Amino acid sequence: MQHMNTGPDAEKLLNRIRTRTFTIGIMGLGYVGLPLAMSSLEAGFRVIGFDIDQSRVALLNRGESGIKHLPGPAIQQAVESKRFRATSDFSELSMPDAILIAVPTPLTRNREPNLSFVENSARSIAERLRPGQLVVLESTTWPGTTREIVRPLLEATNLVVGKDFFLAYSPEREDPGNEVHTTTSVPKVIGADDPSSLEVAQALYSQIIVRTVPVTSTATAEAVKLTENIFRSVNIALVNELKVIFDRMGIDVWEVIEAAKTKPFGYMAFYPGPGLGGHCIPIDPFYLTWKAREYEVATRFIELAGEVNTNMPHYVVDRLVEALDRRARRGLNESRILLIGMAYKKNVGDTRESPSLRLIDLMERRGAVVDYHDPYVPEIPATREYAELAGRRSVDISVDRLASFDAVVITTDHDAIDWKTVVEGAKLVVDTRNVCARFHVSAPNVVKA
């Protein structure tokens with residue numbers, strides 16, 4: 001990286017980054033913030049984690065990660081060596097040299113951006129902001145948030161970006177449970193609105209991440225993240241729609257995709273499912289559609305994709321109703337249904353925006369009695385939209401238990417589940433992930449959805 005003519009505060013920070021006498025503060029210790037903390041610790045930095053959840057803070061200070069796919073021993077070792085600690089005391093925000101914001105950016109009930117966590121974080125930082133600190137927003141948001149929301153809150157202290165402190169945006173690229181593409185191995189996009197901030201932020205992340213990708217502004221970096229997730233949303237919507245069309249034609253969409261992806265150019269495989277889950281794809285596209293209204297631009301393509309994906313749980317329930325009618329001569333009302341998979345993706349315990357929550361809600365509204373099994377989610381956590389489901393516990397899937405249900409609906413294809421036992425023990429299996437075919441346990445009682 002070419003060295004710029006920076007001020008004395010930037011030079012001090014750059015030197016402290018190089019010598020590892022630099023402390024990183026991370027706001028938000030969830031699926032993004034905690035892996036970032038662990039990667040920073042591995043790179044030799046000290047880390048202070050900030051979170052409003054006091055139970056989470058206590059858990060981390062005991063050396064437990066609380067997230068199944070993140071190893072606890074690394075946290076425990078960092079705590080014992082006094083290189084990491086967590087706190088809910090935001091008065092300590094003046095201590096770190098850099099503060100990385102990794103807090104949620106959900107949607108309101110009207111599907112509009114809810115930046116309250118980002119705004120509250122920025123206000124908390126502003127109350128303790130000192131000259132020479134670096135602040136980086138990592139939370140996914142609409143282009144312009146760092147410049148239009150975060151910067152004014154921080155500069156209300158009479159400290160100036162690029163002169164007294166440094167401000168950047170670097171979107172998270174976390175994929176929970178992915179053992180190949182980890183926090184440190186995925187290139188990091190960094191944007192800033194002044195040269196000094198960009199240099200300091202890039203210098204820090206280059207010590208933690210395999211490669212940094214600088215862009216010309218915070219808004220550009222914010223747009224990069226939205227583009228990545230909108231790309232996935234649109235392509236998943238496409239295959240979800242193809243699934244419905246091909247099913248009517250008697251064609252297996254999964255077989256089509258497997259054959260199509262043998263083409264070495266011009267095609268990328270995406271797979272259908274019961275609906276979108278996770279924090280990114282179901283939410284992020286709507287941050288851009290909301291912002292686009294300010295510029296009087298219609299986002300028909302993005303909104304259509306959202307509509308198709310949002311409708312998938314309804315499609316799965318319709319397929320279940322059809323299968324019960326044809327195979328068991330009964331309706332969904334008073335039927336006993338087992339949902340296999342509460343996490344939104346396989347081999348993790350992450351239930352954020354999981355379509356399984358919506359499926360339970362839809363089925364129970366129609367009179368079904370629903371249980372679930374998920375080895376990664378022993379208990380459904382509290383959610384805003386489905387508060388009544390909180391506290392429900394996973395049931396076992398012994399052969400006897402499976403036989404007691406009128407149908408089993410597979411929503412998450414965890415590798416740890418014995419799919420052969422599921423197919424042999426269940427009266428009816430509605431498979432939304434094609435997992436039965438992939439594990440070569442297809443049978444006449446299996447219906448794809």
Side-chain angles (χ1 to χ4, degrees), residues 23-41 46-68 70 72 75 78-79 84-109 112-130 133-141 145-146 149-150 153-154 156-157 167 169-172 174 176 183 278-280 283-284 287 349-354 379-387 390-391:
T23 300
I24 298 172
I26 296 177
M27 299 188 74
L29 298 172
Y31 286 92
V32 173
L34 190 55
L36 184 59
M38 295 174 70
S39 298
S40 301
L41 289 163
R46 293 181 179 275
V47 177
I48 303 173
F50 296 86
D51 202 293
I52 59 175
D53 186 343
Q54 294 186 358
S55 62
R56 181 147 195 71
V57 166
L59 186 77
L60 289 166
N61 285 332
R62 291 198 302 269
E64 302 173 38
S65 78
I67 299 177
K68 284 198 172 184
L70 295 178
I75 293 289
V79 169
F84 171 79
R85 64 185 175 86
T87 181
S88 56
D89 183 2
F90 285 11
S91 68
E92 296 188 39
L93 283 167
S94 61
M95 298 178 64
D97 300 292
I99 303 171
L100 314 182
I101 305 171
V103 297
T105 46
L107 294 171
T108 67
R109 292 190 181 276
E112 293 184 344
N114 175 3
L115 287 181
S116 60
F117 294 101
V118 170
E119 291 174 352
N120 290 338
S121 297
R123 289 191 183 98
S124 296
I125 294 170
E127 291 176 10
R128 291 94 182 175
L129 187 66
R130 59 175 172 78
Q133 280 185 306
L134 166 67
V135 179
V136 183
L137 178 61
E138 290 218 355
S139 306
T140 306
T141 185
T145 299
T146 305
I149 302 295
V150 177
L153 288 170
L154 298 181
T157 59
L167 177 65
Y169 180 82
S170 182
E172 58 89 2
E174 201 63 40
T183 302
H279 176 71
C280 294
I283 293 175
D284 296 351
Y287 269 70
D350 193 347
T351 60
R352 291 175 298 172
E353 307 295 326
S354 173
E379 182 176 313
I380 298 178
T383 59
R384 290 178 302 158
E385 289 192 51
Y386 304 103

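On a predicted model such as this, the values are computed, not experimentally measured, just so you know. Keep in mind that the numbers below use all heavy atoms, side chains included, and drop hydrogens, waters and symmetry copies.
- No more than 12 heavy atoms of other residues, nucleotides or ligands sit less than 6.0 Å from atom CD of Gln54.
- Judged by distance alone, with hydrogens and angles left aside, the side-chain atoms of Thr108 form a donor-acceptor pair with the main-chain N or O of Glu112 at under 3.5 Å.
- Here the CG atom belonging to Leu153 is positioned 11.5 Å from the CG atom belonging to Leu129, to the nearest 0.5 angstrom.
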Only pairs under 3.5 Å count here: list side-chain donor-acceptor contacts from residues 119-126, not counting sequence neighbours, and write none if there are none.
unit_1	atom_1	unit_2	atom_2	d
Asn120	ND2	Ser116	O	3.1
Ser121	OG	Phe117	O	2.7
Ser124	OG	Asn120	O	3.0

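- Contact of the Met38 side chain with the Thr183 side chain is not registered, since no non-hydrogen atoms from C-beta on lie closer than 4.5 Å.
- In plain terms, the two heavy atoms of Asn114 and Tyr287 that are nearest each other are N-OH, 3.4 Å.
- A 6.0 Å sphere centred on CZ of Arg46 holds no more than 12 heavy atoms belonging to other residues, nucleotides or ligands.
- Listed here is the closest heavy atom pair of Ile75 and Ser65: CG1-CB, 4.4 Å.
- For the atom pair CG (Leu137) and OG (Ser170), the distance works out to 9.5 Å, reported to the nearest 0.5 Å.
- No side-chain heavy atom of Thr145 sits less than 4.5 Å from a side-chain heavy atom of Tyr169.
- For the pair Pro106 and Arg384, the tightest heavy-atom approach, listed with the atom from each and the gap, is CB-NH2, 3.4 Å.
- The distance from the CZ atom of Arg85 to the CG atom of Asn61 is 8.5 Å, given to the nearest 0.5 Å.
- Judged by distance alone, the side chain of Arg56 and the main-chain N or O of Asp51 form no donor-acceptor pair under 3.5 Å.
- Within 6.0 Å of CD1 in Ile52 there are 12 or fewer heavy atoms belonging to other residues, nucleotides or ligands.
- For the atom pair Leu29 CG and Phe50 CZ, the distance stands at 9.5 Å (nearest 0.5 Å).
- Taking all atoms of both residues into account, the shortest heavy-atom contact from Leu41 to Ala78 is CD1-CB, 3.7 Å.
- Taking 4.5 Å as the limit, every side-chain heavy atom of Thr351 sits out of range of all side-chain heavy atoms of Ile380.
- Residues Val47 and Leu36 form no side-chain contact, since every pair of their non-hydrogen atoms from C-beta on lies 4.5 Å or further apart.
- Taking the salt bridge (Lys or Arg N to Asp or Glu O under 4.0 Å) definition, one finds that Asp97 meets it with Arg16, Arg130, sequence neighbours left out.
- Residues Arg352 and Pro104 are not in side-chain contact: their nearest non-hydrogen atoms beyond the backbone lie 4.5 Å or more apart.
- A donor-acceptor pair is defined here as one N or O able to donate and one able to accept, closer than 3.5 Å; such a pair exists between the side chain of Gln133 and the backbone of Pro96.
- Looking at Ile99 and Met27, their side chains come closer than 4.5 Å, going by heavy atoms from C-beta outward.
- Rounded to the nearest 0.5 angstrom, Glu138 CD and Glu174 CD are separated by 9.0 Å.
- Between Thr141 and Val118, the closest side-chain pair of non-hydrogen atoms is not below 4.5 Å.
- By the 4.5 Å heavy-atom criterion applied to side chains, Thr87 and Met95 are not counted as neighbours.
- Listed here is the closest heavy atom pair of Ser139 and Thr105: CB-CG2, 3.7 Å.
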Exercise. List the steps, then state whether side chain to side chain contact (heavy atoms under 4.5 Å, CB included) holds for Leu60 with Val79.
Key: CA-CA 8 Å; Leu60 289 166; Val79 169; over 6 Å; no
